Amino acid sequence: MKNSNNLSIHSIRKKILLMSKVIGAILVISYILSTKLPFSSDISFFIWTVFMVLLIFAVDFLMSCFISKPIAELEQAAKRMADLDFSSTCDIMTNDEFGRLSASLNVMAENLQNAFIKLEEANKQLEKDVEQERILLAERKDLVDSLSHEMKTPLGVIRAYAEGYQDEDDETKKQKYAEIIISETERMNQLITTLLDLSALETGAVQLNPERFDFVELLETVAGRLLIDAPDANFELQYELPDYKVYVYTDKIRMEQVLNNLIINAKKNVRPEGILKLCLSDENGLLYFSVYNQGDTIPDEKLKKIWTKFYRDSRSKYSGSGLGLAIVAQILSMQELSYGAKNLADGVQFYFSIPTIQ
């Protein structure tokens, strides 16, 4: 099989052999013809010499086309590949060894290009994994630091009242101490649960589970539980809601958590006998929600900070633990929903918008 390929009409070796035989035949025939010319031997030899020079140039041109030029193109292609440039191909379309070598180089360049692309993707994924690991480590440290900081106050209260409980003989006071200890324990448990939930959202440990539901009905349910049925209501409730169903596609449980936190925040900060107003409007494919509480405003430079975990400002009633608003911001950010807070004339309005569906 190998010998057959070497003798193929399309091989470089065969082309050179054929060319050498043709040139030899031309030399012999031209010399014989030159001796038959009706000129002197010197003139005949001169004519034959000129013919030989032209023949040499023709052979040189043919050798350049068949060998030198393809070799140069192959060299340039190999140099580009050595420089990791696989954008250009080697365009030798002959049926000889050069053509086959060109095709092999092109295949190799394509394979190397694909390998480099996969390697680059793997490196990017590795960078993401490393960055994700770094974020997780930072989140764990932040979680531990936050828990340590937040646990100091309730643990201190529990310890103080536990010691008082041991030394107290009055049963009424002991009952009061026990109630305070239980209250602080529940507060600590709620804080830990909320912080773990926020941490899971931030690190992507939990995902949203979207579903289609009526947002108006959800808001009425949450507002009824927190505002209308509240026995300690000391404010004027106002609301503007659509009188028809408005459907959205999102995580219903998480959006209930958002509404719950925003309404509790407004209820906590509304002034006595002040107005707490809920608004929901359906405009141009978007559902706009807002909750307004009449009361102290937030300093403008603090408006962005209130969404930060554990934000505190002793001059603002909106400091708290900051976990409720931080969870709201995280849930809405995960869905790329617009949200914010702004000061009105005599109060604060929190808001967000969400696309509607049919």
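Note that the structure is predicted; figures quoted are calculated from it, not measured.
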Handout entry: Under 3.5 Å donor-acceptor, K267 side chain and L226 backbone
Key = yes
Handout entry: L227 reachable from V328 in the ILVMFWY side-chain graph, under 4.5 Å edges
Key = yes
Exercise for the section: Could you tell me which residues satisfy side chain to side chain contact (heavy atoms under 4.5 Å, CB included) with P355, sequence neighbours excluded, listed by chain and number? Expected result: L286, L337
Practice task
Would you check if the side chain of N189 reaches a backbone N or O of T185 as a donor-acceptor pair within less than 3.5 Å?
Solution key: no
Problem - Exercise: identify the closest heavy-atom pair between A266 and N293 - result: O-CB, 3.5 Å
Problem - Rounded distance [0.5 Å steps], CG in L332 versus CD1 in I354 - result: 8.0 Å
Handout entry: Considering all heavy atoms, the nearest L201-Q330 contact
Key = O-NE2, 3.4 Å
Problem - From S338 atom OG to Y351 atom OH, the distance as rounded to the nearest 0.5 Å - result: 6.0 Å
Handout entry: Results of side chain to side chain donor-acceptor pair (under 3.5 Å) for E236 - residues two or more places apart only
Key = Q238
Handout entry: Path from F235 to L219 over hydrophobic side-chain contacts below 4.5 Å
Key = yes
Problem - Contact check, side chains of T172 and K176, non-hydrogen atoms, under 4.5 Å - result: no
Problem - side chain to side chain contact (heavy atoms under 4.5 Å, CB included) partners for D169, two or more places apart - result: none
Practice task
Kindly indicate whether the side chain of Q294, heavy atoms from C-beta on, has any atom under 4.5 Å from the side chain of K277.
Solution key: no
Practice task
Go through R134 and E131 one step at a time and tell me if the salt bridge (Lys or Arg N to Asp or Glu O under 4.0 Å) criterion holds.
Solution key: CA-CA 5 Å; R134 188 192 66 79; E131 179 65 15; 2.6 Å; yes
Fill in the blank from the handout: Taken to the nearest 0.5 Å, the spacing of K173 NZ from Q175 CD works out to 14.5 Å
Completion exercise
Correct closest heavy-atom pair for G274 and V270 would be C-CG2, 3.9 Å
Exercise for the section: Show the numbers, then the answer: is there a side chain to side chain contact (heavy atoms under 4.5 Å, CB included) between I263 and L278? Expected result: CA-CA 9 Å; I263 293 174; L278 297 174; 4.1 Å; yes
Handout entry: Partner set under side chain to side chain contact (heavy atoms under 4.5 Å, CB included) for E283, not counting sequence neighbours
Key = S281, Y288
Practice task
Would you indicate whether the side-chain heavy atoms of I327 and N261 approach each other to under 4.5 Å?
Solution key: yes
Please output the side-chain donor-acceptor pairs of residues 241-256 that fall under 3.5 Å, not counting sequence neighbours, one pair per line with the distance.
residue: Y244; atom: OH; partner: D282; partner atom: OD2; Å: 3.4
residue: T250; atom: OG1; partner: Q335; partner atom: OE1; Å: 2.1
residue: D251; atom: OD1; partner: I253; partner atom: N; Å: 3.1
residue: D251; atom: OD1; partner: R254; partner atom: N; Å: 3.1
residue: D251; atom: OD2; partner: N209; partner atom: N; Å: 2.7
residue: R254; atom: NH1; partner: D197; partner atom: OD1; Å: 3.1
residue: R254; atom: NH1; partner: D197; partner atom: OD2; Å: 2.9
residue: R254; atom: NH1; partner: Q257; partner atom: OE1; Å: 2.7
residue: R254; atom: NH2; partner: D197; partner atom: OD1; Å: 3.0

Exercise for the section: Give a yes or no on whether the backbone of E217 and the side-chain of T221 come within a donor-acceptor separation of less than 3.5 Å. Expected result: yes
Exercise for the section: For residues Y177 and Y165, report the shortest heavy-atom separation together with the two atoms involved. Expected result: CD1-N, 3.6 Å
Exercise for the section: Look at the side-chain heavy atoms of Ile, Leu, Val, Met, Phe, Trp and Tyr, link any pair under 4.5 Å apart, and say whether F213 and F352 land in one connected group. Expected result: yes
Exercise for the section: Would you name the heavy atoms of S290 and Q349 that are closest together and state the gap between them? Expected result: OG-NE2, 3.4 Å
Fill in the blank from the handout: Smallest heavy-atom separation, I306 atom then A341 atom, equals CD1-CB, 4.0 Å
Practice task
Please lay out, stage by stage, how Q125 and D129 fare under the test side-chain hydrogen bond (donor to acceptor under 3.5 Å, both in side chains).
Solution key: CA-CA 6 Å; Q125 184 61 43; D129 293 341; 3.0 Å; yes
Handout entry: Validation row: E163, R159 side chains within 4.5 angstrom (heavy atoms)
Key = yes
Exercise for the section: Quick one: list whatever passes side chain to side chain donor-acceptor pair (under 3.5 Å) with D300, sequence neighbours left out. Expected result: N343
Problem - Co-membership, hydrophobic cluster, residues L323 and F350, 4.5 Å side-chain - result: yes
Exercise for the section: Report whether L325 and I264 are members of the same hydrophobic cluster (ILVMFWY, side-chain heavy atoms less than 4.5 Å apart, transitive linking). Expected result: yes
Completion exercise
CG (N106) and CG (N111) are apart, to the nearest 0.5 Å, by 11.0 Å
Practice task
Report the relative orientation of the aromatic rings in F289 and F215; use parallel for angles under 30°, tilted for 30 to 60°, perpendicular for over 60°.
Solution key: perpendicular
Practice task
Any chance you could measure T356, atom OG1, to D214, atom CG, to the nearest 0.5 Å?
Solution key: 11.5 Å
Practice task
To the nearest 0.5 angstrom, please state how far the CG atom of L276 sits from the NZ atom of K268.
Solution key: 13.0 Å
